Novice: 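One structure coming up, written as structure tokens, with questions to follow.
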There are 2 protein chains.
Amino acid sequence: MRPTVNDIAREAGVSLATVDRVLNDRPGVRDKTIRAVTEAIEKLGYVRDLAAANLARSRSYPFAIMLPDTESQFVQTLADALDVAGKQAATSRVEVRLHRFPAEDPHALAAMLARLPDQDYAGVALMAPETPILRDAVRSLRAKGLPVVALVSDLPNTDRDHFIGIDNRAAGRTAGVLMGRFLGGGPGQVMVLGQSLLARDTIERRRGFDEVMLRDFPRIEPLQTLESHGSRQTLRQIVAEMLANAPQVRGIYAMGDGHRALTQTLGELGLSGKLTVICHELTPHARAALETGEISAVITQNLGHLARSTLRVLRAKADRAPLDEGQEQIRIEIVLRENLPALPDTVPHSHTTAA
Amino acid sequence: MRPTVNDIAREAGVSLATVDRVLNDRPGVRDKTIRAVTEAIEKLGYVRDLAAANLARSRSYPFAIMLPDTESQFVQTLADALDVAGKQAATSRVEVRLHRFPAEDPHALAAMLARLPDQDYAGVALMAPETPILRDAVRSLRAKGLPVVALVSDLPNTDRDHFIGIDNRAAGRTAGVLMGRFLGGGPGQVMVLGQSLLARDTIERRRGFDEVMLRDFPRIEPLQTLESHGSRQTLRQIVAEMLANAPQVRGIYAMGDGHRALTQTLGELGLSGKLTVICHELTPHARAALETGEISAVITQNLGHLARSTLRVLRAKADRAPLDEGQEQIRIEIVLRENLPALPDTVPHSHTTAA
DNA sequence: GTAATTTTGAGGTACGTTCCTCATTTTTGA
DNA sequence: TCAAAAATGAGGAACGTACCTCAAAATTAC
């Protein structure tokens, strides 16, 4: 049997109360006694039963998660993933509350954040571009003892506790190498499409991409970023125009989401599968396009992992516990048709299932 | 506050005992009453507190994990990962016991497995090639009610509960596309190196690789598999010989591990970075070789994930609980220099840390 | 050596669930 | 309609830990 606090008390020759004082850093114990207890812990290989501890503390974890109210497939998929992860984590006293804020209104977001401390949350995760107002809001939350975690897009100039997402510059570099190598090193031109929710991320990706092109593929010319501003019409127009004028274009790097409009346009131009297309985020459309060969590769982050990681990190921060960096690191995944992960069935949720 | 079993009893107008009977599928409750309870659960949004439940059950999870006694870096890294995952999971009553068996002796393994049921384990994970003897051993374990999980290499013809690892054929296909595209579609030849712990896996990879070559890259000729049998001498000799005789070789696909010998040999031949080298498993050597450019790409599976997944799956199987397929699916990861994940610091373990 | 202070012990209650027993009520079948 | 069977209720102990109070013991300061 695993040793319990009682075993330690016996082994160390002290009372249960003293062991408890040592375990929970309570004052009023002599160094000598602390040592005796620590040695007993060591000797018996005691590991605190977290479940029992949390039960006794009746600790629970209500978390606020703030997402922009954009209707993009990416944000929607992320929201779903957080929802699923929240349902799973409910068995361990985690409660997820999703809030949407107006994407273009930093003041509204700040106001929402300001109201959070009164609703006794145990932590906040948020996906938003960094603005001065937001910086203040985050600082104020942290000052009140609330852990804050940046989601998808980092808030490097705030004192957020953690960032959960990928390094977009590295993601851009990865796209760059793939593009360069897939094009056999050139010669040729590459069209670059913008329009991301978070402008900073797009810029980072572009920087990474150019970095690699310049260094490793001098014979490939990445063209200026074309912005579709989320409009399908615009996208179609600029892509068509560009392709008509630049016959040397052999690849497309789509930094934002909105794959459907792109593949559709390429289809209409009779170019499906003729260009090397690399894009970000494995949305359902991107999956489909990978399978048909309309898209060559997708650079992505696993949203299920991201969601679960968010909850784990928030929990750890709320408990001031250390986290398993290896587990929380979100990977820059490269997805080709050949390593496309199978779509798992949706997870069954049932309160009557055995533990 | 979250609703508890008592709240449900009140809401449904029944006693705690009845709620418990419903919750745990105990007999002796009328359908009508079951319905009443279920509705109360639904209405209040009750979610069972797993921690409390397991505490009351005083359930614990001692797992046996069987690995071959090979000294390969892959197995060693896997063992370490399982160890770390085990330490982490100790807080939730999981105990990992690693056993090594003689890699070449299926009888010894079977004998070890036969002794397991007497040591009251809650589950078994094993990494071993499938043999008739092993099939019988697995069947016998399962007949005694022990969940069995196949690790890294599947045991498809047994009734193991689950397989944790990647689809090696798909991994081979992935290597194939990368090779094909990195070589610009050819023309050229590709050297293929064997020597894997688990012969079946190597064969699968080879099949996947050839499949893609044949279908998508007819101008690239994959050569016959060369076997190094784990010997560095042999490897160096056959590689050198082959390269001398086949000037058209532009790429190397290394299906097994043992990257050090390969990169060293290439270095001695003055070929570092001149060939497209694709291999499997992100061992420390492979990381280093990626960084220097000696290896172009690594196809790998995340061993940390694999280890954690193993414990989660074993737990779920032991409890007959459903598992989150999405979370347990091990991905075929493509690692280039540009998306090489940072090496996390080793995780601190301390029993005195706050919960 | 005594008083003040610090350290330790003993014991209890609580957390949310499981699992047990025994008594009582309700339903079923003849 | 009555006996037998089935369903339900009431209560309690347990799991391992946290956290509280109060008294007793040990140590320190003077």
Side-chain angles (χ1 to χ4, degrees), chain A residues 1-37 40-41 44-61 90-95 319 321 351-355, chain B residues 1-37 40-41 44-61 90-95 319 321 351-355:
Chain A
M1 287 303 280
R2 273 172 54 139
T4 74
V5 272
N6 285 297
D7 298 324
I8 293 181
R10 203 176 321 112
E11 175 73 26
V14 301
S15 75
L16 181 59
T18 300
V19 173
D20 179 64
R21 288 181 184 113
V22 174
L23 275 176
N24 296 294
D25 287 324
R26 274 185 258 280
V29 188
R30 272 182 304 173
D31 280 1
K32 200 179 136 197
T33 316
I34 295 187
R35 241 175 291 123
V37 172
I41 288 176
L44 300 187
Y46 168 80
V47 183
R48 181 207 236 106
D49 183 332
L50 264 193
N54 277 338
L55 177 59
R57 286 195 183 102
S58 62
R59 183 103 173 79
S60 71
Y61 306 88
T91 54
S92 41
R93 317 175 128 250
V94 165
E95 190 196 341
D319 288 338
H351 24 252
T352 51
T353 19
Chain B
M1 286 305 281
R2 273 171 56 138
T4 73
V5 271
N6 284 297
D7 299 323
I8 293 181
R10 204 175 320 115
E11 175 73 26
V14 301
S15 74
L16 180 58
T18 301
V19 173
D20 179 63
R21 288 180 185 114
V22 174
L23 236 29
N24 296 294
D25 287 322
R26 276 185 256 278
V29 188
R30 271 182 305 173
D31 280 1
K32 199 180 138 198
T33 314
I34 295 187
R35 241 176 292 123
V37 172
I41 288 176
L44 300 187
Y46 168 81
V47 183
R48 183 205 240 111
D49 183 333
L50 266 194
N54 276 337
L55 177 58
R57 286 194 183 106
S58 62
R59 183 101 171 81
S60 71
Y61 306 89
T91 53
S92 41
R93 316 174 129 253
V94 165
E95 190 196 343
D319 287 338
H351 26 253
T352 49
T353 18

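Reminder, nothing fancy here: chain letters follow the sequence lines and each chain counts from 1. The structure displayed is predicted, hence computed values, not measured ones.
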Novice: Between C1' on dT21(D) and CG on Leu16(A), what's the gap in Å once rounded to a whole number?
Specialist: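 Rounded to the whole Å, the gap is 15 Å.
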
Novice: Do you know the tightest heavy-atom contact between Tyr46(B) and Ile8(B)?
Specialist: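 That closest heavy-atom pairing would be CG-CD1, 3.2 Å.
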
Novice: Heavy atoms under 4.0 Å, any strand shown: does Arg59(B) hit a base, just sugar-phosphate, or nothing?
Specialist: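 Here Arg59(B) touches no strand at all.
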
Novice: Rounded to the nearest 0.5 Å, what separation is found between the CG atom of Leu55(B) and the CG atom of Asp49(B)?
Specialist: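 Nearest 0.5 Å value for the CG-CG distance: 9.5 Å.
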
Novice: Assuming nearest nucleotide by heavy-atom distance, tell me which of Asn24(A) and Pro27(B) is located more 5' along DNA chain D.
Specialist: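 Looking at DNA chain D, the more 5' nearest nucleotide goes with Pro27(B).
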
Novice: Search all heavy atoms of Arg2(B) against all heavy atoms of Ala90(A) and return the closest pair with its distance.
Specialist: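 So the minimum-distance heavy-atom pair works out to NH1-O, 2.5 Å.
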
Novice: OP1 or OP2 of dC15(D) versus the side-chain N and O atoms of Ser58(B): is any pair under 4.0 Å?
Specialist: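 No, Ser58(B) has no side-chain N/O under 4.0 Å of OP1/OP2 on dC15(D).
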
Novice: Measure all distances between protein nitrogen or oxygen atoms and nitrogen or oxygen atoms of nucleotides 20-27 of chain C, and list the pairs falling under 3.5 Å.
Specialist:
none

Novice: Can you tell me which nucleotide in dG16(D), dT8(C), dA7(D) comes closest to the side chain of Leu55(A)?
Specialist: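 Closest nucleotide to the Leu55(A) side chain: dG16(D).
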
Novice: Asn54(B) has an atom CG; how far is it from atom P of dT17(D), in whole Å?
Specialist: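 Computing the Asn54(B):CG to dT17(D):P distance gives 14 Å.
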
Novice: Roughly how many Å is it from CG in Asp49(A) to C1' in dT17(D), rounded to a whole number?
Specialist: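 Distance, rounded to whole Å: 8 Å.
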
Novice: What's the closest nucleotide to the side chain of Arg93(B) if the choices are dC15(D), dT8(D), dT17(D)?
Specialist: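 Nearest nucleotide to the side chain: dC15(D).
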
Novice: Between Tyr61(B) and Asp319(B), which heavy-atom pair has the shortest distance, and what is it?
Specialist: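 Answer, listing the atom of Tyr61(B) first, then Asp319(B): OH-OD2, 2.8 Å.
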
Novice: Within this structure, what is the CG-to-P distance between Leu50(A) and dG16(C), rounded to whole angstrom?
Specialist: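 Rounding to the nearest Å, CG of Leu50(A) and P of dG16(C) are 17 Å apart.
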
Novice: Between atom CG in Leu23(B) and atom P in dT17(C), what is the gap in whole Å?
Specialist: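 Checked: the CG to P distance equals 8 Å.
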
Novice: Taking only side-chain N and O atoms of Ser15(B), does any of them lie within less than 4.0 angstrom of OP1 or OP2 on dT8(D)?
Specialist: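 False: Ser15(B) side-chain N/O out of range (4.0 Å or more) of dT8(D) OP1/OP2.
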
Novice: What's the angle between the local helix axes at either end of the helix from dG1(C)-dC30(D) to dA30(C)-dT1(D), using five pairs per end and rounding to 10 degrees?
Specialist: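 Rounded to the nearest 10 degrees, the bend comes out at 10°.
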
Novice: Take atom CG of Asn6(B) and atom P of dA10(D), then tell me their distance rounded to the nearest Å.
Specialist: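 My rounded result for the distance is 12 Å.
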
Novice: So which atom in Ala12(B) and which in Ala36(B) form the shortest heavy-atom distance, rounded to 0.1 Å?
Specialist: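 Smallest heavy-atom distance, with atoms named: CB-O, 3.9 Å.
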
Novice: For Arg57(B) and dG16(C), what is the distance between atoms CZ and C1' respectively, to the nearest whole Å?
Specialist: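 Atom CZ in Arg57(B) sits about 12 Å away from atom C1' in dG16(C).
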
Novice: Quickly work out the Arg48(A) CZ to dG16(D) P distance and round it to whole Å.
Specialist: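 Result: 15 Å.
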
Novice: Atom CG of Leu16(B) and atom CZ of Arg21(B): how far apart are they, to the nearest 0.5 Å?
Specialist: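 Going from the CG atom of Leu16(B) to the CZ atom of Arg21(B) covers 9.5 Å.
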
Novice: Of all the nucleotides listed (dT17(C), dC15(C), dA10(D)), which has the minimum atom distance to the side chain of Ala56(B)?
Specialist: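 For Ala56(B), the side-chain atoms sit closest to dT17(C).
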
Novice: Against Leu23(B), only a single residue in Val37(B), Ile41(B), Thr18(B) fulfils side-chain contact (heavy atoms from CB on, under 4.5 Å); can you say which?
Specialist: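 That would be Ile41(B); it is the only one of Val37(B), Ile41(B), Thr18(B) passing the side-chain contact (heavy atoms from CB on, under 4.5 Å) with Leu23(B).
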
Novice: Enter the distance from Ile34(B):CD1 to Asp31(B):CG here, rounded to the nearest 0.5 Å.
Specialist: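 One gets 5.5 Å once the value is rounded to the nearest 0.5 Å.
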
Novice: Check whether any side-chain N or O of Asn24(A) sits under 3.5 Å from a backbone N or O of Asp20(A) as a donor-acceptor pair, and report yes or no.
Specialist: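 Checking the backbone N and O of Asp20(A) against the side chain of Asn24(A), a donor-acceptor pair under 3.5 Å is found.
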
Novice: Has Arg93(B) got a side-chain atom pairing as donor or acceptor with Arg59(B)'s backbone, closer than 3.5 angstrom?
Specialist: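 Yes.
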
